Amino acid sequence: MIFVKNPEPGRVKTRLAKTLGDEKAYEIYLRLLYHTMKMASNADCVKEVWYSAFVDEEDLFNSKTFGKKLQSEGDLGKKMSMAFKSAFNEGYERVVIIGSDCPGITDTLIESAFELLAQNELVIGPANDGGYYLLGMSRFIPELFIGVPWSTDKVFGKTVEIAESKQVSLKELPVLVDIDNEDDLNQSNLNWHQ
């Protein structure tokens, strides 16, 4: 499952826009979306894209490759929890969610998350900003989305703390950079300013 914001100048990458402007932030978001789509397309799994505002049938996510769904109402935790619950209710045994902010994500990394879920209940890909770029489960664990301070540098730590308190078997992926601001863009070693 890929969680995306419907792209619109001034509504995506707002922290990045503070220093680069709305148009540049929008352009970078589109490049991140394209990268995420390419990597997910190459991964050997069922693919869905979950939209923030409306299901876009005409965007870069090909409807033959990607199922398209709308995120639920609520904070990020509620949205992700409902998406995981939906996937497990549909009969999937291993479910992975990613965002569209991580230029370091690869099809190999996505596939390795699924492989790790064969032996573990939880896989998490920590981001440099204290959040995570990937979360995978082999069973629905709703507690992981309760009491987490979303959009802060405490998300990853709190999620691991909850998992450990529930004695959930957990594997971590490498730390990657999420692009939220200009510092992240510079850290990512990608020449995205052009």
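Since the structure is predicted, the reported quantities are computational estimates derived from the model, not experimental observations. Side-chain atoms are counted along with the backbone in the values below, which use heavy atoms only and exclude waters and symmetry mates.
Annotation: ring-ring contact (aromatic ring centres under 6.0 Å, His included) contacts of F114 (sequence neighbours excluded): none. In this structure, the side chain to side chain contact (heavy atoms under 4.5 Å, CB included) partners of S72, at least two apart in sequence or on a different chain, are K78, K79, M82. Under the side chain to side chain contact (heavy atoms under 4.5 Å, CB included) criterion, F88 pairs with F84, V95, M137, F140, sequence neighbours left out.
Note that CG of D44 and OG1 of T108 are 11.5 Å apart. Values are rounded to the nearest 0.5 Å. Summarising the geometry, atom CD1 belonging to I2 is positioned 11.0 Å from atom CE belonging to M39; distances are rounded to the nearest 0.5 Å. Separation of atoms CE (M1) and SG (C45) is listed at 11.0 Å; rounding is to 0.5 Å. Note that CD1 of I110 is 7.0 Å distant from OG1 of T106, once rounded to the nearest 0.5 Å. One distance of note links CG of L170 with CD of E164; it measures 7.0 Å at 0.5 Å rounding. Put simply, CZ on R94 and CD on E115 are 8.5 Å apart, with the number rounded to the nearest 0.5 Å.
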Pair up each side-chain donor or acceptor in residues 60-68 with any protein partner under 3.5 Å, not counting sequence neighbours, and list the distances.
unit_1, atom_1, unit_2, atom_2, d
N62, OD1, K64, N, 2.6
S63, OG, E57, OE1, 3.3
K68, NZ, Y51, OH, 3.4
K68, NZ, D56, O, 2.6
K68, NZ, D59, OD1, 2.7
K68, NZ, F61, O, 2.7

Got a list of side-chain donor-acceptor pairs under 3.5 Å for residues 141-157, not counting sequence neighbours?
unit_1, atom_1, unit_2, atom_2, d
W150, NE1, V148, O, 3.4
T152, OG1, P149, O, 2.6
T152, OG1, K154, N, 3.1

Residues 116-136 side chain polar contacts: donor-acceptor under 3.5 Å, at least two apart:
unit_1, atom_1, unit_2, atom_2, d
N120, ND2, L116, O, 2.9
E121, OE1, S169, N, 2.8
E121, OE1, S169, OG, 3.3
E121, OE2, R139, NE, 2.6
E121, OE2, R139, NH2, 3.2
N128, OD1, D178, N, 2.9
N128, ND2, D184, OD1, 3.4
D129, OD1, G131, N, 2.9
Y133, OH, P174, O, 2.6

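Other residues, nucleotides and ligands contribute only 12 or fewer heavy atoms inside 6.0 Å of the CD atom of E93. Other residues, nucleotides and ligands place more than 12 heavy atoms under 6.0 Å from the CG atom of N89. Atom CD of E73 has 12 or fewer neighbouring heavy atoms from other residues, nucleotides or ligands inside a 6.0 Å radius.
With Q71 contributing its side chain and V4 its backbone, the two residues share a donor-acceptor pair below 3.5 Å. Counting only distance, with no hydrogens or angles, the side chain of Y29 and the backbone of K5 share a donor-acceptor pair below 3.5 Å. E48 places no side-chain N or O within donor-acceptor distance of the main-chain N or O of K69, the cut-off being under 3.5 Å.
Two residues are said to be in side-chain contact when any heavy atoms from C-beta on lie closer than 4.5 Å; L33 and P7 meet this criterion. You'll find the side chain of K24 reaches within 4.5 Å of the side chain of E27, heavy atoms only.
Hydrophobic clustering, with ILVMFWY side chains joined whenever heavy atoms are under 4.5 angstrom apart, keeps V49 apart from Y92. Both M80 and V168 are part of a single hydrophobic cluster, where members link through side-chain heavy atoms under 4.5 Å apart. Under the 4.5 Å side-chain heavy-atom criterion for ILVMFWY residues, a single connected hydrophobic cluster contains both L109 and M37. In the hydrophobic clustering of this structure, Y34 groups with I105; members are Ile, Leu, Val, Met, Phe, Trp, Tyr whose side-chain heavy atoms approach within less than 4.5 Å, directly or through other members. Residue I97 is grouped with residue W50 when hydrophobic side chains (ILVMFWY) are merged at heavy-atom distances under 4.5 angstrom, including chains of intermediate members.
The minimum heavy-atom distance between T36 and G99, with the atom names listed, is CG2-O, 3.6 Å. Across every non-hydrogen atom of L32 and S100, the tightest pair is CB-O, 3.2 Å. Between T14 and R11, the shortest heavy-atom contact is CG2-C, 4.2 Å. Between A113 and L173, the shortest heavy-atom contact is CB-CD1, 4.2 Å.
Partner E182 forms a side chain to side chain contact (heavy atoms under 4.5 Å, CB included) with one of N186, D180, I179 and no other, that one being N186.
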Between K158 and E161, is a side chain to side chain contact (heavy atoms under 4.5 Å, CB included) present by the stated rule, with each step listed?
-> CA-CA 5 Å; K158 183 66 176 173; E161 181 187 307; 3.3 Å; yes
